[in-house]
Every structure is written in structure tokens, then in C-alpha cells.
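Data first, discussion second: the structure below is written as C-alpha cells.
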Amino acid sequence: MEEKTIQIAGSITVDELAKALGLSVTSLIGELFKNGIVATINQRLDFETASIIIEELNLKNVKLEKKDTSTRTSNYTHELSDHAVLRPPVVAVMGHVDHGKTTLLDTLLHKKTVEQEAGGITQHISAYQLKHDDRIITFLDTPGHEAFAAIRQHGAMLTDIVIIVVAADDGVKPQTVEAINFAKSANAKIIVAINKIDREGADIQRTMADLSTHGLQPEEWGGDIIMVPISAKFNQNLDKLLDMVLLTADIEELKADVDIPAEGLVIESHMETGRGSVVNLLVTGGELKTGEFIVAGSTYAKIRTMLSFDGKPRGKATPSTPVTVTGFKELPNFGDRFVEVADEKTARKMALLNAQAIMDETASANVTSTDLLRMMNVADNSKTLNVIVKGDVLGSVTSVIDSLKMIDTGGEITLNIVSSGVGDINENDVYMAAGGHTVIYGFNVSVPINISKMAARDNIPVRIYKVIYELLDDAKREMENLLDAEIVEEEKGELKVQGVFRTEKTSIITGGEVLTGKVEPGYLVRILRKKQPLGEAEVTSVQKEKMDVKELIAGEIGGLALKTTSRIDLAVGDRLVFFTRETKKRTL
């Protein structure tokens with residue numbers, strides 16, 4: 001049977017999907033109803049939902065494809081011409097947290113940023129340039145903590161060469177492997193800097209062997225990966241590392257066109273009082289100049305000011321150059337591609353088209369795959385944590401949200417991002433948090449006193465953090481508070497009933513021999529007759545030889561007073577199983 005391909009742009013109505021599948025609308029609505037969705041003919045389904053429904057219908061000859069209607073600048077690419085010129089390499093520095101990435105860059109650039117970063121961890125992408133042998137190299141310092149995987153992945157996508165920093169005394173770690181995978185997926189060349197060779201316990205050969213098991217074979221061992229032992233702290237072998245960067249760049253013959261409209265990528269963006277939107281860009285082609293119009297995603301700018309990475313004014317930027325610009329109407333998204341256009345009219349029109357394309361891509365489908373899967377899971381009793389996220393820059397907001405979504409709750413807790421944005425906590429955030437259990441998280445932002453008082457009055461928690469670990473730990477605790485407590489039972493002993501002396505509506509006096517374990521006042525009792533449960537009770541007192549005692553142990557004979565919630569006709573030969581039951585707070 002010939003395969004049928006259905007293209008979906010964003011979302012599709014039930015009627016359109018039925019026609020495309022050659023089914024009656026009623027039969028498709030019936031299938032949706034079986035999966036817990038009461039749908040109308042004009043209800044919109046997203047791509048994933050349509051895929052699930054087709055799978056449920058067992059239509060093996062139908063293939064779904066996402067139709068690309070996007071005109072976004074992020075999809076813009078430029079083929080190199082014969083006039084392309086050599087450009088500086090763009091080098092990302094990656095690796096496991098605390099392995100020395102920022103120290104390496106600080107030593108190279110004679111800066112001191114480690115102490116300035118909260119918790120000594122890089123939290124944003126930073127771009128720098130340095131000169132070595134009269135040639136420029138552009139460096140990207142990317143965060144190392146797992147919470148910033150989104151930023152780091154973008155960092156790799158911007159990059160020609162990735163220097164993976166591995167501590168010689170610690171070896172390959174999870175984020176080292178992650179960096180390797182990102183570099184490979186971005187088709188970037190890899191150079192390994194084996195750092196901290198000055199440390200006690202440093203083992204270069206072991207580190208190289210460790211790296212070879214992850215697909216990086218050193219040149220010394222017949223592979224193609226350059227590995228340079230260094231000490232970033234003591235500036236040892238750093239010149240050799242830069243030599244290897246330039247050698248790799250020469251082999252790759254990195255080029256860009258300069259006689260084309262400027263293009264590049266948004267590295268970071270944030271708002272500043274008095275300056276408005278402040279955006280870090282990396283130029284990848286053409287020459288970017290002040291006064292020009294550029295479009296990035298659904299916003300545009302007439303470049304008002306342009307600064308180099310070290311804060312010095314400049315009038316233009318060539319390929320592989322990072323700059324900070326002002327003039328954007330709104331903050332562009334981190335990772336968006338920008339492109340120069342002729343005038344403001346063109347810029348506004350392209351931004352509007354991009355905005356429409358973005359809306360189509362994230363179409364407000366009435367039923368999403370998440371909704372469908374939730375409806376299909378009849379046992380779903382998940383609780384929801386509502387969160388508002390504010391950050392100093394868009395990259396941080398993206399990473400915080402991505403990291404929150406990665407917290408594994410076993411499907412019991414649903415994370416709902418009510419809103420997110422750049423800037424300090426404001427009145428609108430507090431209004432949005434009202435009316436439901438919502439936590440406002442701020443990352444590297446502040447809370448004005450009047451807003452703090454407003455939130456306190458409405459019992460809305462506002463938590464501000466400078467270190468991502470602490471924010472995520474807080475969110476995890478909030479989720480744990482939503483989990484139902486776990487009931488834990490521990491069996492304590494067993495007694496065989498040898499006499500029943502009194503039975504009343506809510507009490508029993510009985511006696512017998514403890515077979516295993518022990519029995520104490522306060523224990524709960526499960527009453528069994530030939531393995532069939534008759535009910536539960538509580539031990540109120542224990543006697544031995546008609547004297548109250550604290551416990552009876554295995555092999556002893558004694559009497560018990562039991563408290564019941566209803567009458568239980570206990571008989572000789574029944575067994576009493578003693579246990580404790582407590583509620584225990586669960587953790588993720």
C-alpha cells in the first residue's frame with residue numbers, strides 16, 4: 001500500500017485531519033472520545049497529538065511531516081562566495097564544573113572573573129577576543145553546571161573549535177561527556193586542554209586513556225585529537241594551546257563574506273536602566289555598523305551604540321567579532337540569528353512575518369500531546385507547582401526553566417511556568433501569582449521594597465537566588481511538599497490466640513503466646529483467621545502473670561487489651577500480627 005504523507009504546519013483541525021486521513025469526521029471524533037477527548041469538528045490538534053491519534057488508529061501507511069512555513073531569521077543561511085576572506089576562529093571553552101574553564105580564560109585575558117561569579121560558577125555566555133602571534137581569536141566562555149545545558153548547547157552551535165577542559169586529577173565527568181557530544185553535534189573541531197597538571201594526583205596518561213574511551217583518541221596514540229597538558233593557574237603551556245587553536249583554524253580555512261548584509265547570532269540579551277535593551281551579538285558574516293537596521297526573530301533594531309567585548313566604542317564589527325549593541329525594540333531571544341536589512345520599513349515587516357511564523361510553529365492548538373497523554377492516563381492524579389521565573393538575562397531564564405523541567409517527579413508533579421521574563425520582580429508578577437499556589441523565582445534580580453510588601457501581604461513566596469543550584473533545590477523542596485506522604489509499615493511480631501476473655505463493641509481482652517518478635521502497647525494489630533483478615537486494632541496494654549509490662553517477647557505467654565473501631569469476634573486459634581504504621585515525607 002502506498003504511503004501517504006500529511007504535512008502539518010503548527011496544528012490541524014479535526015476536520016482537516018479526517019479529510020487528510022480519508023476518514024469520516026465522526027469516526028475521528030469517536031477515536032478522540034475513546035482517548036478521553038471530547039472534540040468538535042473545528043478543534044485544533046498539535047503535531048504530536050495527531051501523531052498519537054494516528055498511532056492509536058494503527059494507520060501504518062500514513063506519515064506525518066512538519067511543514068516549514070517559517071521565515072524566521074534563525075533559519076537564514078548564507079553560502080560562501082568566491083570572495084570570502086579568512087576570519088578569526090570562534091572557540092568555545094567547555095568542560096565539567098570546577099575543571100578550570102574560567103581560570104583558563106582569565107589567565108589568557110588577564111582578567112579576574114571567578115570571584116565575581118556567584119558560587120565561582122560561570123552563569124552566562126561571555127565573549128572575548130585576544131591576539132596571539134598578531135592574529136585574533138574569539139573565545140566563548142560557556143557555563144559548566146548541568147543547569148546551563150541549554151546555554152552550552154547554543155555555545156557549541158556558535159563555534160568552530162571547542163576546547164574541552166579536563167582536570168588531570170579528576171578525569172572525565174558527566175559534563176565532559178556532554179561537552180564532547182555537543183561539540184560533535186555542532187561539527188566543531190575538538191582540542192583537549194588537560195588542566196591542573198600542577199596538582200598532586202594529576203595523571204595525564206590516565207586522563208588521555210579516559211578520554212579515548214569516550215571517542216577522543218590522542219594524536220600521540222595514533223588518533224586525531226590534539227591534547228595539550230596545561231596549568232591555567234600558573235600559565236603553563238597556554239602559548240602552545242593557542243598555537244594549536246591557530247593551527248586547527250588554518251587547516252579548516254575558516255572564511256566569511258564581508259560584502260554581504262551583516263548576519264550573526266544573539267549570544268545574550270537583557271534590560272538595563274537608562275540603556276534599554278542591551279544585546280550581545282556575534283557577527284558571522286558581513287560588516288555590522290552603527291545606524292544599521294537588523295532583525296532578530298520577532299524584533300528589530302536600529303543600532304544605536306556598539307561596544308567591543310571590553311566596553312570600548314566601535315563603529316563596525318567584522319566576522320567572528322562579539323559586540324554589545326543597544327537599539328532593539330524588544331529583547332531578541334537567545335540563540336536567534338540576526339540579519340541586516342535596508343530600512344526600518346523592511347525591518348518592521350520582516351519582524352512581523354517572523355512573529356507570525358513563530359505563532360504558527362507554537363500554534364495555540366486546543367489539544368496538545370501533553371493534554372492527550374494526561375487524558376489517556378486514567379491513573380493520573382498529578383499535582384501542579386506554578387512558577388514565575390524572572391532573570392537578569394534571557395539565557396539565564398531559558399536555562400532556569402529548562403532545568404526546572406528536568407527535575408524528575410515520576411509524573412506526580414506537573415510544573416506550570418505561569419510566566420517568565422527579564423528584569424526585577426514587579427507588580428504584574430505578583431498579580432499573576434495571586435489566586436493559586438505560585439512561587440516567584442528571581443535569578444540575579446532584585447525585589448523592590450513595595451513589591452516585597454505587596455507579595456507578603458498576599459502570602460506569595462518570592463525567592464531570589466544568585467546560584468542556580470540553590471534555586472533548583474528550593475523548587476525541588478516545593479515539589480516534595482506537594483507529594484502525598486508515604487505510609488510505611490513495619491512488622492513487629494506475631495501472637496497465636498489461646499484465649500478470648502471479653503469481647504465488646506470497641507474492645508477485646510485476649511491472651512496467647514508470642515510466636516515471633518514482640519508486642520508493646522501502642523502497636524497496631526492485624527487480626528487474621530486462616531490468613532483472612534478480620535480487621536485491625538490497637539494494643540492498649542500488655543500483661544504478664546496479671547501484671548502490666550512494657551513488652552512480651554517471642555516464647556512468652558501473656559494477655560492483651562485491644563481497642564477496635566467495630567466489633568470483631570475473636571476466636572482461639574486466630575493470629576495477631578503486630579506492626580507500626582507511620583507517614584513519611586517523600587523526597588524526589
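Computed from heavy atoms alone, side chains included, the values below leave out hydrogens, waters and symmetry copies.
- R87 and S320 are linked by a side-chain donor-acceptor pair at a separation below 3.5 angstrom, with hydrogens and angles left out of the test.
- Contacts of L482 classified as side-chain contact (heavy atoms from CB on, under 4.5 Å), with partners at least two apart in sequence or in another chain: K383, L385, I413.
- For E480 and K476, the salt-bridge test fails: no basic side-chain N is under 4.0 Å from an acidic carboxylate O.
- The residues K131 and D134 are annotated as not salt-bridged, no charged nitrogen and carboxylate oxygen being separated by less than 4.0 angstrom.
- Looking only at atom types and distance, the side chain of N416 has no donor-acceptor partner in the side chain of T384 under 3.5 Å away.
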* Asked: Can D343 and T346 be said to form a side chain to side chain donor-acceptor pair (under 3.5 Å), step by step?
  -> CA-CA 5 Å; D343 50 42; T346 306; 2.7 Å; yes
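- If you take CD1 on I267 and CG on N280, they are separated by 6.0 Å, rounding to the nearest 0.5 Å.
- Salt bridge R337/E263: present, at least one basic N to carboxylate O contact under 4.0 Å.
- Here CG of L242 is found 5.0 Å from CG of L108. Values are rounded to the nearest 0.5 Å.
- Looking at D250 and R135, a side-chain N of the basic residue comes within less than 4.0 Å of a carboxylate O on the acidic one, giving a salt bridge.
- Residues passing the side-chain contact (heavy atoms from CB on, under 4.5 Å) test with D243 are H132, D133, sequence neighbours excluded.
- Salt bridge D474/R463: present, at least one basic N to carboxylate O contact under 4.0 Å.
- Taking NZ of K189 as the start and CD1 of I161 as the end, the distance is 9.5 Å to the nearest 0.5 Å.
- Between the OG atom of S446 and the CD1 atom of I451 there is a distance of 10.5 Å, given to the nearest 0.5 Å.
- When only modelled atom types and interatomic distance are considered, D259 and H83 share no side-chain donor-acceptor pair under 3.5 Å.
- In this structure, T299 contributes its side chain and P332 its backbone to no donor-acceptor pair below 3.5 Å.
- In this structure, CD1 on I204 lies 10.0 Å from CD on E220, to the nearest 0.5 angstrom.
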* **Full working for side chain to side chain donor-acceptor pair (under 3.5 Å) between K585 and N481** => CA-CA 8 Å; K585 186 177 178 181; N481 290 337; 3.0 Å; yes
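- A donor-acceptor contact shorter than 3.5 Å is absent between the side chain of N354 and the backbone of A296.
- With rounding to the nearest 0.5 angstrom, the NZ atom of K316 is 4.0 Å from the CD atom of E287.
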